[in-house]
Amino acid sequence: MKVLYYFDDQIGNFIYGLGHPMKPHRVKMCHSLLQNYGMLDQLEVIDGTAVPVTIEEDLSYFHTEDYIDFLKTVTPDNLNDYLDLFIGFNMGEDCPIFEGLWDFCKLTTSGSIIGANAINEGRNHIAVNWSGGFHHAKQQEASGFCYINDCVLSSLELLKNHYRVLYIDIDIHHGDGVEEAFYTTNRVMTCSFHKFGNYFPDTGNFNDTGHGIGDGYSVNVPLSEGMDDDSYIMIFKPVIATIMETYDPEVIILQSGADSLSGDRLGCFNLSIKGHGACVEYVKSFGKPVLLIGGGGYTLRNVSRCWAYETGIVCGRELDFKLPDWDEYLGYYGPDFSLIPSISNMENQNSKEYLRHSAERVVTMLKEKVS
Ligand code: VJV
Ligand code: CA
Ligand code: ZN
């Protein structure tokens, strides 16, 4: 069974705005690497021509009609006619109205919904959408570069055929929109690892564990800057292993935001692509169906390499350390021109004691509340 891989060539052309850190072009750079590594034959590739005819209805399973109508209607040219809504729906510098926004929302979200649907129908065991992962979007509000929450929508799609869905989030930011959507249910467990303390969106502390029958089913691992591979895996493994034991999900969504990598323009962790990929490998090792989606990642040359490497991982293929030297974007990858660039020498502000204690705390909470 091949891995399903969603990519649409149009996505690379959308521009949030001059100087805006979110650059959809990174998805195209990743695709180019996959192509030049000869990976596309190993994948079942689908594109935006597969966008479901019901996509607008699908969006309304989470978002309100007013909000969807606004996104559908507003353009950079008519923006002034919608100023009240613009403010009410939290548009602005982080979430600008750009040319083609509605098409961008539909194209990126579709990849995650199609992937979830393919898993539901047993057509694929693993599905990938690097153009998804917009974990901050709320029911009727944009937030943190996110307009439509494909993480929530694909969870809802998976719930049609599965009783327990696990959502894991290794983006450096807290997956607040997904957590909020499923805060009071035990049918989707959310688990986010993130920088916490004076950092967007300022939520996701240990004690935020869910509410009502959902108590215990929101898992948060707040971290400080400088997380390196050893530290990350040291906390990731026991937390995920315990979730697999106690919750025993039938299917997993992994939001693999690449802003947790060393040298990210917005991030402050110090993970190598190997360390980031080790999380993907570990999640895959449980043998459950996985929907693998993108997210943050603002140093483009690292994002594309990371996601290409991780596509290799889910296909069971370790890509050559040396980048294909005919890649269209080869110039981005100097001076090393390797798949796995080295990390920085920044200080790790997470002590081993803090990490051990945090893992212990989360594991204890899970054993107490989840069964
Ligand atoms: O920290 C914030 C919010 C502010 C208000 C808006 N200004 C622009 C920034 C401070 C409080 N927003 C964060 C949002 C991070 C979103 C991360 C998304 C993901 O990776 O988790 C998932 C895809 C933030 N950090 C940095 C910026 N905004 C930022 C936005 C810009 C910018 C520079 C930095 C927007 C436009 C331009 N430059 C030109
Ligand atoms: Ca996260
Ligand atoms: Zn992020």
Side-chain angles (χ1 to χ4, degrees), residues 11 14-27 86-87 90-98 104-105 108-109 111-112 129-138 141-152 166-180 189-206 208 218-225 227 232 235-236 239-240 243 253-269 271 276 279-280 283 292-300 302-303 306-307 358 362:
I11 292 169
F14 294 98
I15 296 176
Y16 272 59
L18 202 69
H20 196 290
M22 176 55 95
K23 298 190 192 300
H25 180 59
R26 65 213 173 119
V27 176
F86 179 91
I87 291 162
N90 197 33
M91 303 294 155
E93 254 194 299
D94 274 355
C95 303
I97 304 298
F98 57 85
F104 175 78
C105 289
T108 54
T109 305
S112 303
N129 175 24
W130 293 126
S131 62
F134 294 102
H135 58 177
H136 299 304
K138 309 287 154 58
E141 197 176 283
S143 173
F145 318 161
C146 308
Y147 304 85
I148 296 290
N149 200 317
D150 63 299
C151 314
V152 170
L166 171 61
Y167 170 82
I168 304 171
D169 187 318
I170 62 171
D171 187 289
I172 194 171
H173 297 95
H174 178 225
D176 58 347
V178 196
E179 175 177 288
E180 186 180 296
M189 177 180 277
T190 60
C191 175
S192 177
F193 299 78
H194 44 269
K195 152 84 175 147
F196 183 80
N198 197 12
Y199 201 69
F200 185 87
D202 282 319
T203 49
N205 210 342
F206 289 113
D208 306 323
S218 292
V219 180
N220 284 298
V221 184
L223 300 161
S224 300
E225 59 188 73
M227 283 294 288
Y232 207 91
I235 192 145
F236 188 78
V239 168
I240 298 303
I243 288 176
I253 300 179
L254 175 56
Q255 197 269 23
S256 190
D259 48 6
S260 39
L261 291 174
S262 181
D264 188 78
R265 178 176 161 196
L266 297 190
C268 55
F269 282 176
L271 289 182
H276 200 273
C279 298
V280 176
V283 168
L292 178 61
I293 59 183
Y298 305 100
T299 299
L300 267 50
N302 294 340
V303 182
C306 179
W307 290 347
S358 301
V362 173

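Bear in mind the structure is a predicted one, so any value in this text is a computation, not a measurement. When a ligand or atom number is given, it counts from 1 through the structure's own listing order.
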*Decide whether Ser143 and Asn90 meet the rule of one side-chain donor and one side-chain acceptor closer than 3.5 Å.*
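Side chains of Ser143 and Asn90: no pair found under 3.5 Å.
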What orientation do [X] and [Y] show, parallel under 30°, tilted 30 to 60°, or perpendicular over 60°?
| X | Y | answer |
| --- | --- | --- |
| His194 | His174 | tilted |
| Tyr147 | Tyr16 | tilted |
| Trp130 | Trp307 | parallel |

Grab the two heavy atoms, one from [X] and one from [Y], that are nearest each other, plus how far apart they are.
| X | Y | answer |
| --- | --- | --- |
| Phe145 | Asp94 | CD2-O, 3.2 Å |
| Asn205 | Pro222 | OD1-CG, 3.6 Å |
| His276 | Gly257 | NE2-O, 2.8 Å |
| Phe134 | Met22 | CE2-CE, 4.0 Å |
| Ile293 | Ser112 | CG2-OG, 3.7 Å |

*Below 2.8 Å, any N, O or S contact between His135 and the Zn ion (ligand 3)?*
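No - counting backbone and side chain alike, His135 has no N, O or S atom under 2.8 Å.
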*To the nearest 10 degrees, how large is the angle at the Ca ion (ligand 2) between Asp171 O and Phe193 O?*
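My answer is 70°, to the nearest 10°.
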*Which single N/O/S atom of Asp169 lies at minimum distance from the Ca ion (ligand 2)?*
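This residue's closest N, O or S atom turns out to be OD1.
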*Looking only at N, O or S atoms, find the one in His173 nearest to the Ca ion (ligand 2) and name it.*
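Per the distance ranking, His173 contributes O as its closest N/O/S atom to the Ca ion (ligand 2).
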_Backbone or side-chain N/O/S of Ser260 under 3.0 Å of the Ca ion (ligand 2)_ =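 No N, O or S atom of Ser260 is closer than 3.0 Å to the Ca ion (ligand 2), so no.
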Nearest protein heavy-atom contact for [atom]: which residue, which atom, what distance?
| atom | answer |
| --- | --- |
| atom 31 (C) of ligand 1 | Pro21 CD, 3.5 Å |
| atom 36 (C) of ligand 1 | His20 CD2, 3.6 Å |
| atom 38 (N) of ligand 1 | Gly19 O, 3.6 Å |
| atom 23 (C) of ligand 1 | Tyr298 OH, 3.4 Å |
| atom 25 (N) of ligand 1 | Leu266 CD1, 4.0 Å |

_Atom indices of ligand 1, in the order listed, that fall short of 4.0 Å to a heavy atom of Gly296_ =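 Answer, ordered by atom number: 20 (O), 22 (C), 23 (C).
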_Can you name the atoms of ligand 1, numbered from 1 with element, that are less than 4.0 Å from a heavy atom of Met22?_
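Near Met22, the atoms of ligand 1 are 23 (C).
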*Does some non-hydrogen atom of Leu18 fall short of 4.0 Å from ligand 1?*
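Flag set, Leu18 near ligand 1.
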Closest [X] atom to the Zn ion (ligand 3) [N, O or S only]:
| X | result |
| --- | --- |
| Asp171 | OD1 |
| Asp259 | OD2 |
| His173 | ND1 |

May I ask you to decide if [Y]'s main-chain N or O and [X]'s side chain share a donor-acceptor pair within less than 3.5 Å?
| X | Y | answer |
| --- | --- | --- |
| Ser218 | Thr190 | no |
| Ser260 | Ile170 | yes |
| Asp259 | Asp171 | no |

May I ask which of [options] has a heavy atom nearer to [atom] than the others do?
| atom | options | value |
| --- | --- | --- |
| atom 22 (C) of ligand 1 | His135, Glu93, His173 | His135 |
| atom 2 (C) of ligand 1 | Tyr199, Phe200, Phe145 | Phe200 |
| atom 4 (C) of ligand 1 | Asp94, Asp259, Asn198 | Asp94 |
| atom 18 (C) of ligand 1 | Pro96, Ser143, Gly144 | Gly144 |

*Among Val239, Ile235, Asn220, find the residue that satisfies the side chain to side chain contact (heavy atoms under 4.5 Å, CB included) test when tested with Val362.*
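Exactly one pass, corresponding to Val239.
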*What do you think, any protein heavy atom under 4.0 angstrom from atom 8 (C) of ligand 1?*
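At least one protein heavy atom is under 4.0 Å away.
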